[in-house]
Structure formats: C-alpha cells, structure tokens
Amino acid sequence: MVRTRFAPSPTGQLHLGNLRVAVFNHLFTRHHGGTFVIRVEDTDRERNVPGALEAILEDLAWAGLHWDEGPDRGGPFGPYLQSQREERHREAALELLRAGKVYRCFCSDAFLSAVREEGEGGAPGTGCPGACQQLDPAESERRVGDGDAATLRFPVPAERIRVEDAVRGEVGFHGHDIGDFVILRADGRSTYNFAVVVDDIDMEITHVIRGAGHLSNTPKQALLFDALGARRPVFAHLPMVLGDNRKKLSKREGAAGVAELRAHGYPPDAVVNYLSLLGWSPGDDREVLSREELESELSLERVGASDAVFDLEKLRWISAQHLARLSLDALVAAVEPFLDRTKFPLEGQDLRRGVEAIRTRLHTLGEVNEHLELLFPEASALAAGVEEVRGEGLEAMRVVAGVREALARLPTWEAEPLAQTVRDAGKALGARGPALFHPVRLALCGARSGPDLGLVLAALGRDRTLERLGASRLTDLGLDGVWV
Ligand code: GLU
C-alpha cells in the first residue's frame, strides 16, 4: 500500500517548485491507489507565518491535489502538525539513547563555534570535538544529574553510506563528510532530520518523493531509519528546476507563488500538466496531458535526474491548449470570475459569443478582458477608427456602407453567413483583401486586424454592428446614402 506525504513548512506562500513536488507525490499516489498525506513541518517557530498554512492548503486544493490525511481533516496517523509531535520525537530520541545508538554530547555551542573558528574540529566523522562519545556512561549520568546541558548525537560510521534512490540509482556518501550529528537539542527539541524520520516512520510513509535539494539530508535520514529499526522508504529525489539562464529559478520566472498563477487564471489542470513535465515525460512527444492521463501514466522510472528548466512560454502554451480543449460552456463558466463586468457588462448569449470570438487567443483566463477589449474598445478608440476610415477616403467609406447594407438585409445573424456576406458584398463593391477588411474592421472595432470577422460580427450582434458601421457615413456632409 503506497503512502506518500507532502511536507510543507508554513513559512510563506507555496511556490511553483514546491507545488511540483506535491504534484509528483499526488499523481504517483493516485496511480497506485495509495494515500496522500499532508504533514506540516512547522517546528521552526520563528519562521512560521500566520495564515501561511491555510493559504498553502487552499493552493493545493485549487490545484486539485486532494489529500487523504492532513492537519485540517485528520486521519489515523495524526497529529499532522509536526509541532504537536515534539513529545513523540523526544521519546524516540531517548529510546535510541537507551539502546546505546546515540550518545550524550556536552560540548557547548560556544565551545563548538570556537573550535570551528580555529579550524580544529578534527576530521568530521571523528565524533564531537569534545570526544563525548568516549565518556564513561556513569560520568555522563553524573553530569546530567548535575544539570549539565547535553545534546544527543548520532555517531556516523566512517564508511561509505549507500542510499538507493528511485531516480538516481545508488547514491554514495562518505561518513567522514557527514560527521556525528545532533538529533535532540539541549532544550529537548528534536532536530529537523530526526523529526522527519520519526514522523515518516509513524505515518508509515512508503515513498519519500521530494526535491533534489534534500538529497544531502538523505544519508542522515537513512541511518536514522536503520537505527530506529524501520524499513527505509523508497527515496525519489526529483531533479532541480532552474531558470532559463540555468541558474536558480528567479521570481519573474515562477519562483513566484502559486497564488500569482491563480490570479492570472492559469487552469489548474494545465499547471499540473506543465509541472509534471519538469522532470518526467510520457515517453513520446505528447506534452498536453489530462489529469487522468497523468494519473495513469506517471511513474518514477521515467523521472530523469538532469535539471529541468522552467519555461514560462511553455506553461502559457500548455495553458492555451487546455483552454482550447474546453467546451464553450465550460470556458464561459471558467472565464466569468475573471471578467471585468464594469467594462464588459455581458450576460448570457452575448457573453457566450464574445468568448467564442476570442477563445483561440486566450493563454490564461485572466486575458479575457484584454481580448474582449478588441471587440468592445473604448468609445475614443472606436471614434479614432471611424476617423481612419474617413482618412482613407471615399472608397473606404463606400466599402463600409456597402457591407453595412448587405448585412442589414440578412434575416439571421450567425457567424458563418455573416462572414460570407461580407465577402460577397466586397465582390459586388470590387473590394477584397485589405481594401475590404481594413475599413470594415476599423469601423467595427477601431483596429485593422482582430479575431475572426464572422465571430466578431456574431458577438457584436445586429444592432451594434449596424450602428458602428453606420458611424462612418458622411451624414455630416449631407451625402448620406450616396455611395450605397
Ligand atoms: N519541509 C520540507 C520542505 O519544505 C520537506 C521535507 C521532506 O520532504 O522531507 O522542503
């Protein structure tokens, strides 16, 4: 039975890199019909930010990464806030002490940093600089009795430590490079690596899927699993995600929060799809995958170890592909929360037709307003379009008026016949290409180009269309109708 966990720290908002880790855990778990757990690593009290946990959970829910156990919904392995498990961590550390698997270290912080500064720490892996491991147990007991502060240190063997990684294969570390590390601080609080391992054991986590940045923690954690008599989980370290200059992901590129993507209106399925491709591929050239496809296909075997590069343009492209796959009704519903209704007070069929006209241009839902602007520009932009038609001369005005008359005769108002009517009118007027479409578009929307003309006309509707096309007539010169 697969059990995975996503272990955010509530120190700020969820970033894309973290969300990718959650995506891999979630898809992998769903693939295997397992249980996905949220465990909150909140023991670094000073860094915790009020409200951050709620925001992280909201972002995860938005992305559709629903969890089976977690701080808000409980579960059989709770509590799921690490800060509420401190007693359990302490107990587990003391158990290791009783079993002789860790030793008390009386080296004070001041002593340790003085030694470090003088560079006389000795080779790492040779114990603490005070050689506390060699202390006689009775002496150690006596000092604790006297109230001497002690940490608990894990003795790292001076040998090669091998860790099996599902992505990288066997990874080797040398014990010397790690050195004996503290698992319990003098104030009785567990260190990070120890808490993680105790919780992973207690929560029966079978697969630890996380970013490559945690690889250096893994030998310590592996040794702790061994010492606690637990089976090591399957470790899988996802490749790093770099910015396009192959350096650390910058804010501009997407180190920015998930909240920002939400605000822009990237569909969650597209974000999950894109993030799944940062380190994994389906093995063929497909790049646009539905959530169902991802759940059925994602496997750790196909995760590569080489760095992935974040590419905002690619995310935008994938987002556009997901939007293109939606039915018009679904797209309209998705777009509605992003609509600026004060500018575009569109409802019902008007909204539907407006969205239909611009849908092929959308990369994100949030772009809906800038594209609707093409159909419903400010009055000043429309007036400028009319001026341009006039500026082009009588021929352009004649074309607009002729097209208007032809459209006015139509019994129905549907995109395809509308476009055909414009072309036919152009033929009759002896105008085609730019000579036909530029004046018509300028008069309609104030610009020489724009979305599909038939869809634009359908979206504007009969009254608005005829009114706009009528605005460039030479009424003011008393020549109205002369050119029709
Ligand atoms: N809390 C860690 C983080 O936010 C995750 C630790 C882990 O996955 O083992 O990166």
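Numbering of ligands and ligand atoms starts at 1, following listing order. All values reported here derive from a predicted model rather than from experimental measurement.
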Test of understanding: with ring pair (Phe, Tyr, Trp, His ring centres under 6.0 Å), list the residues that count as partners of Phe6, not counting sequence neighbours.
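Ring pair (Phe, Tyr, Trp, His ring centres under 6.0 Å) check on Phe6 returns nothing, list empty.
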Could [X] and [Y] be called an ion pair, given the rule that one side-chain N must be under 4.0 Å from one carboxylate O?
X	Y	answer
Glu347	Arg341	yes
Asp329	Arg352	yes
Arg142	Glu139	yes
Asp148	Arg104	no

Apply the side chain to side chain donor-acceptor pair (under 3.5 Å) test between Asn273 and each candidate in Glu287, His322, Glu293; give the one that qualifies.
His322
Near ligand 1, which protein residues have a heavy atom under 4.0 Å away?
Arg5, Ala7, Ser9, Glu41, Tyr192, Arg210, His214
